[in-house]
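Order of appearance sets the numbers: ligands from 1, and atoms from 1 within every ligand. Only this structure's heavy atoms are used, side chains among them; waters, hydrogens and symmetry mates stay out.
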Amino acid sequence: MDRVPSRPEPRAGILDIAPYVPGKSSVSGQPTKHKLSSNETPLGASPKALEAYRSINHLEHYPDGSAEELRQTLAKIHGLNADRIICGSGSDEILSLIAYTYLGQGDEAIYSQHGFSVYKIAIMAAGATPIVAPEKNLTTDVDAVLERVTNKTKVVFIANPNNPTGTYLPFDEVKRLHEGLPKNCLLVLDAAYAEYVRRNDYEAGISLASSADNVIMTRTFSKVYGLAALRVGWGFGPEHVIDAMNRIRGPFNMNSAALAAGIAAAKDQDFLHKAIAHNSEWLPIVTEQVTQLGLKVTPSVGNFILIHFSEEKGKTAQDADAFLQSKGCILRQVGSYGLPNCLRMSIGSEAANLDVIAALKEFLHSN
Ligand SMILES: *Cc1c(COP(=O)(O)O)cnc(C)c1O
């Protein structure tokens with residue numbers, strides 16, 4: 001007879017999952033001046049979103065489980081059918097719902113080498129097998145993804161632009177990827193940073209998710225809208241996909257404060273444009289100034305840059321991280337993304353950006 005375990009045991013594969021490593025928010029013994037570790041916006045949330053958040057006082061009432069008003073607001077802004085939108089507690093929840101809906105034991109799901117680390121967790125949590133496609137120039141390689149497709153492949157996750165590399169796929173490449181996938185394989189276009197992208201050849205995914213039966217786009221209010229604390233994300237896809245996901249979604253998966261703030265933030269497009277303008281101004285300045293210090297920077301279309309350090313003792317990414325922390329600046333180590341010689345820096349306020357550049361200069365000149 002099988003031996004009965006002496007305590008509950010997670011099902012197969014759960015303990016193989018490496019927990020998500022979030023960006024640091026403080027360093028012990030050091031006051032934090034600038035937190036640039038989680039791609040948060042330096043402008044904060046829209047004052048209208050804050051006001052809406054504070055207006056929630058009937059805490060005894062359940063939230064609107066269908067997120068009706070938020071879906072209608074998003075539909076209007078983006079020109080979409082509200083029935084094809086699903087809202088979640090951050091886009092992380094949408095990504096998990098996709099995995100739980102479409103993946104199970106024996107299935108495979110593909111993401112790229114330095115892709116967003118939530119994909120691997122969601123795939124494994126669903127009991128499926130993660131398959132990694134190598135990148136070229138720190139960019140998703142469409143051919144490498146297509147080469148890895150088998151009859152077990154049920155989902156492909158692409159962050160476009162990708163975090164932590166900041167690189168993106170032009171729409172032509174996304175279309176080529178989609179055309180090469182079997183019709184039963186769901187293509188997930190994670191467009192968490194779409195608002196920041198200023199490229200004519202970029203498309204977040206709305207047109208493909210509108211027309212194809214196997215494409216879903218995910219979006220978030222955590223980044224440019226500044227609502228990371230409240231957890232507001234959404235997905236737009238074919239009705240049959242949204243319907244399937246709604247069957248396993250928690251009936252009240254978003255709270256009332258998140259809904260109210262999300263609606264107000266979405267309606268405040270002037271504030272959105274201010275946040276985008278700030279990034280469009282500072283992304284090239286920071287990229288250029290860090291490059292002038294002699295550090296390689298991967299060209300980014302998001303609100304963060306990937307800075308490459310040397311392997312020389314005393315000058316590594318870890319040394320730089322420690323030095324920056326001693327100056328109160330927190331960046332993101334990305335060793336868990338297979339980029340041990342890099343740090344990711346979110347574009348911050350003017351003061352934050354200039355302080356980091358000055359600290360990097362000092363670091364490089366120190367012995
Ligand atoms: C930050 C981020 C998300 C979103 O996160 P939520 O806060 O859960 O909405 C999704 N995908 C990528 C690539 C991200 O960087």
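Electrostatic pairing of Arg219 and Asp190 does not count as a salt bridge here, judged by no charged N lying under 4.0 Å from a carboxylate O.
Using modelled atom types and a 3.5 Å distance limit, the side chains of Thr167 and Asn162 yield no donor-acceptor pair.
Atoms of ligand 1 lying under 4.0 Å from any heavy atom of Thr220, numbered from 1 in the order shown and given with element: 6 (P), 7 (O), 9 (O). Below 4.0 Å from some heavy atom of Ala192 lie the following atoms of ligand 1, by number and element: 2 (C), 3 (C), 10 (C), 11 (N), 12 (C), 14 (C). The ligand atoms of ligand 1 that sit less than 4.0 angstrom from a heavy atom of Tyr193 are 1 (C), 14 (C), 15 (O). Every atom of ligand 1 with a heavy atom of Asn163 under 4.0 Å away is listed here by number and element: 13 (C), 14 (C), 15 (O).
Looking at heavy atoms from C-beta onward, Tyr225 lies in side-chain contact with Glu195 at the 4.5 angstrom threshold. In this structure, the side chains of Arg148 and Pro134 come closer than 4.5 Å at one or more pairs of heavy atoms.
Closest to atom 8 (O) of ligand 1, if we only count protein heavy atoms, is Arg231 NH2, 2.6 Å. The single protein non-hydrogen atom nearest to atom 11 (N) of ligand 1 is Asp190 OD2, 2.6 Å, given as residue, atom name and distance. Closest protein heavy atom to atom 3 (C) of ligand 1: Lys223 NZ, 3.5 Å. Remark: minimum distance from atom 7 (O) of ligand 1 to any protein heavy atom is reached at Ser222 OG, 2.6 Å.
At distances below 3.5 Å, at least one donor-acceptor pair connects side-chain atoms of Arg84 with backbone N or O atoms of Ala209.
Exactly one residue among His240, Lys183, Glu239 makes a side chain to side chain contact (heavy atoms under 4.5 Å, CB included) with Asp213. That residue is His240.
For Ser91, a nitrogen or oxygen atom sits less than 3.5 Å from a nitrogen or oxygen atom of ligand 1, counting backbone and side chain alike.
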Working for side-chain hydrogen bond (donor to acceptor under 3.5 Å, both in side chains), residues Asp64 and Ser66: CA-CA 5 Å; Asp64 169 17; Ser66 69; 2.9 Å; yes
